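Here the structure comes first, spelled out in C-alpha cells, and everything after it is commentary.
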2 protein chains.
Amino acid sequence: MATGRNHRPATTRSRGIPEATVARLPLYLRALTALSERSVPTVSSEELAAAAGVNSAKLRKDFSYLGSYGTRGVGYDVEYLVYQISRELGLTQDWPVVIVGIGNLGAALANYGGFASRGFRVAALIDADASLAGKPVAGIDVQHTDRLEQIIEESGVSIGVIATPAGSAQQVCDRLVAAGVTSILNFAPTVLSVPEGVDVRKVDLSIELQILAFHEQRKAGEDAPEEDTAPPAAPPAAAVTKRPEPGSDGDRPAVMPA
Amino acid sequence: MATGRNHRPATTRSRGIPEATVARLPLYLRALTALSERSVPTVSSEELAAAAGVNSAKLRKDFSYLGSYGTRGVGYDVEYLVYQISRELGLTQDWPVVIVGIGNLGAALANYGGFASRGFRVAALIDADASLAGKPVAGIDVQHTDRLEQIIEESGVSIGVIATPAGSAQQVCDRLVAAGVTSILNFAPTVLSVPEGVDVRKVDLSIELQILAFHEQRKAGEDAPEEDTAPPAAPPAAAVTKRPEPGSDGDRPAVMPA
DNA sequence: GTGTGTGAACTGTTTCACAGCG
DNA sequence: CGCTGTGAAACAGTTCACACAC
C-alpha cells in the first residue's frame, strides 16, 4: 500500500478531485487502453467498471469529477476518455525518473514495462555499489551515487524511486530532495521524513502480505474448515481472541514474541 | 496500492477491526520491532505515532479496537504490544507462501527479507519456464508450473503471490484457487476474478507512479513550460460539455482532438 | 501531572435512486 | 427507452477534546 502526503489540506474544494478517485484513474486507464487496443469504440459504465474491477456507480461518480465525458444512452468514447484521463493524470507529458538502489527490486523496476508505456522514462539508475557502476541493467548503465545530484539536475528529474535497503533510504531521500526531487516512491520499509511540498508514496511488500494474513486467519479462525457459503452470518472472532470482552481480558504478561 | 476483496460485507458490527486500522497494524509493528531491538521498554502514543508516520489520535483509536493495552500516564509496553499486534495479524503462526513467476520481480520477492522476518516462509518458487526449473533463486530451487497443484497441497499453502506477466495471471490465479489458495497478492497489472471467499490484494508499481505524477503535475501548476508528447486522441462525435472551470486555475490549452 | 481511551463532531467515500438527455 | 450524471442518504475513517486511570 502507499501513503500520500502533503496533498492539499482538503481546503481546495471546487477543483479538487478526491484522492480516492485519483487512485482509481490509473485503473480505468489500464482498462480503457486494453479496450482501445481491441478497437472498441465505446463502453458503458457497467462494462468499463467490470473491466476495472469496481462498481459502475463509483465509476460514474469518479468520471463526474473530471467532467461530462459520456453520452447518455450510449456510454463513453474509449479514445477520448483515454486522452482525458491521461491528461488529468499528467501522463501526456514525459516524466523522467531515477531509480536509486539497483538490487533485485531496483532491477525489476528498471525492467518493468508498465513505466515506459505510461510516460515514465527511466532517466538513470543509481547505486552505491561502485562495482555496479557502468554495468547495464535493462539497457541502462548504472551510475554511482556520487553523481546523484548531477544526474537529477541534468535530467530534470522530479520523481525519484527509492529501492535501497531501509538503512540508506532516508539519506538517499534527503539527497534527492535537496537536488530538487519533489515526488518519491519509496520501496524501503521505513518511514521517510520530507519537507513540506514533497510527496511520498510507499509500497511495502510485506505489509500487503500481513494484511492478507490477517484476513486469512479470520477465515480459518472460527467457523469450521469449510466456508464457501455466501451468508457470513457468524461473527468473526469469539474463541481465541481478546477485545474488551466484558469480564475477560487481563492476560497481561503473556507469551512473548520471538 | 492494493485492493482488498471479499472482506466482511460490513454486516458484522461489533467485533470487526476497521480495514483502515488493519492496514496500519503492520506499520506499527515495524516501528515497535525497531524499538524492541533497541530494548526500549515503553512508548507513548505520541512517540510511536511519530515513528510509524501517523498521528497519535489515530494510533490510539486504532489500538482501542484491539483492546486496552496501554497504561494511562505511562504509555504502551513495547514487547507486549508487539506480541498483541502480531497475534492479531496472525503472524504468530507460520505462513507458507508460493511465488509464481520468477522474473526480476519474483526473484526480488524471493530475496526480500521482510517476508521471513514476519512469519512468511517461501515454500516454493514456481515458473513456467522449464529452463529455470531446478535453478536456485534465493536458495530455493525453482519448480515448473506443472507441479503447482502438488506443491500447494503438499506444503499446505494458502497464500499465493503472482508475479507473472499480465497475460498469464488469471490462469495462474485460477489454478492456485482450484488448488486451495484463498489469499492472493497480485503484482501483475490485471484485474483478477476470483470466487467468493478468496481474497485478492494487488500492488501495481505503475499505478503508484501515476498517482505521484498527478500530484506532481499540480505542483508545477500553471507555469508548465513543457510540451506534450502524445498527439491528441480522437474526440467523441458529440459535443462535450467540459466541466465549468472556476475561472482561476488555468485551463489546459484544450489541445484536444480537433 | 501524564497520557490513554473514547464519545462526539467532522470529513471523506460509497451507494442509492432517479431525473433527464440523447 | 438506456445510460449518464448527480443530489441525497448511508457509511467509513479521522480528528477533537476531555474524563479518568495510573
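Please read these numbers as outputs of a predicted model, since none were measured by experiment. The chains referred to below are lettered A, B, ... by the order of the sequence lines, with proteins before strands, and numbering in each begins at 1.
- When rounded to the nearest whole Å, the span between CZ of B:R72 and P of C:dT4 equals 10 Å.
- The residues A:E46 and A:R60 are annotated as not salt-bridged, no charged nitrogen and carboxylate oxygen being separated by less than 4.0 angstrom.
- When the nearest nucleotides of DNA chain D are assigned to A:G73 and A:K61 by heavy-atom distance, the more 5′-ward of the two goes with A:G73.
- Side chain of B:E19, nearest nucleotide from D:dG2, C:dG3, D:dG13: D:dG13.
- The distance between atom CG of A:D62 and atom C1' of C:dT14, rounded to the nearest whole Å, is 10 Å.
- When rounded to the nearest whole Å, the span between CG of A:L81 and P of D:dC3 equals 16 Å.
- In terms of phosphate contacts, B:Y65 brings no side-chain nitrogen or oxygen within less than 4.0 Å of OP1 or OP2 of D:dT14.
- Contacts of B:G75 with the nucleic acid, taken as non-hydrogen atoms under 4.0 Å apart, involve only primed sugar atoms and P, OP1 or OP2.
- Among the protein residues, B:Y76 comes within range of the sugar-phosphate backbone only, with heavy atoms under 4.0 Å from sugar or phosphate atoms but none that close to a base.
- Between B:Q210 and A:L29 there is a side-chain heavy-atom pair separated by less than 4.5 Å.
- Between B:K58 and B:K61 there is no side-chain heavy-atom pair separated by less than 4.5 Å.
- For D:dT14, the OP1/OP2 oxygens have no side-chain nitrogen or oxygen of B:N55 closer than 4.0 Å.
- In this model, the phosphate group of D:dC3 is not approached by any side-chain N or O of A:S44 to a distance below 4.0 Å at OP1 or OP2.
- We find that CG of A:L48 is positioned 14 Å from C1' of D:dC3, with the value rounded to whole Å.
- Nearest-nucleotide positions on DNA chain D place A:R60 closer to the 5' end than the other of B:A20 and A:R60.
- Contact between the side-chain N/O atoms of A:K58 and the OP1/OP2 oxygens of C:dT15 is found at a separation under 4.0 Å.
- In this structure, the OH atom of A:Y69 is 19 Å from the C1' atom of D:dC3, given to the nearest Å.
- Using a 4.0 Å cut-off, some side-chain N or O of A:S45 falls inside it from OP1 or OP2 of D:dT4.
- Regarding A:F63, its CZ atom lies at a distance of 16 Å from the C1' atom of C:dT14, rounded to whole Å.
- A straight line from CD of A:E47 to P of D:dC3 spans 8 Å, rounded to a whole angstrom.
- Between B:L66 and B:L25 there is a side-chain heavy-atom pair separated by less than 4.5 Å.
- In summary, the aromatic rings of A:F63 and A:Y69 are positioned with their centroids too far apart to meet the 6.0 Å limit.
- For the pair A:L66 CG and D:dT6 P, the interatomic distance rounds to 11 Å; values are reported in whole Å.
- Look at B:R24 and you'll find a side-chain N or O under 4.0 angstrom from OP1 or OP2 of D:dT14.
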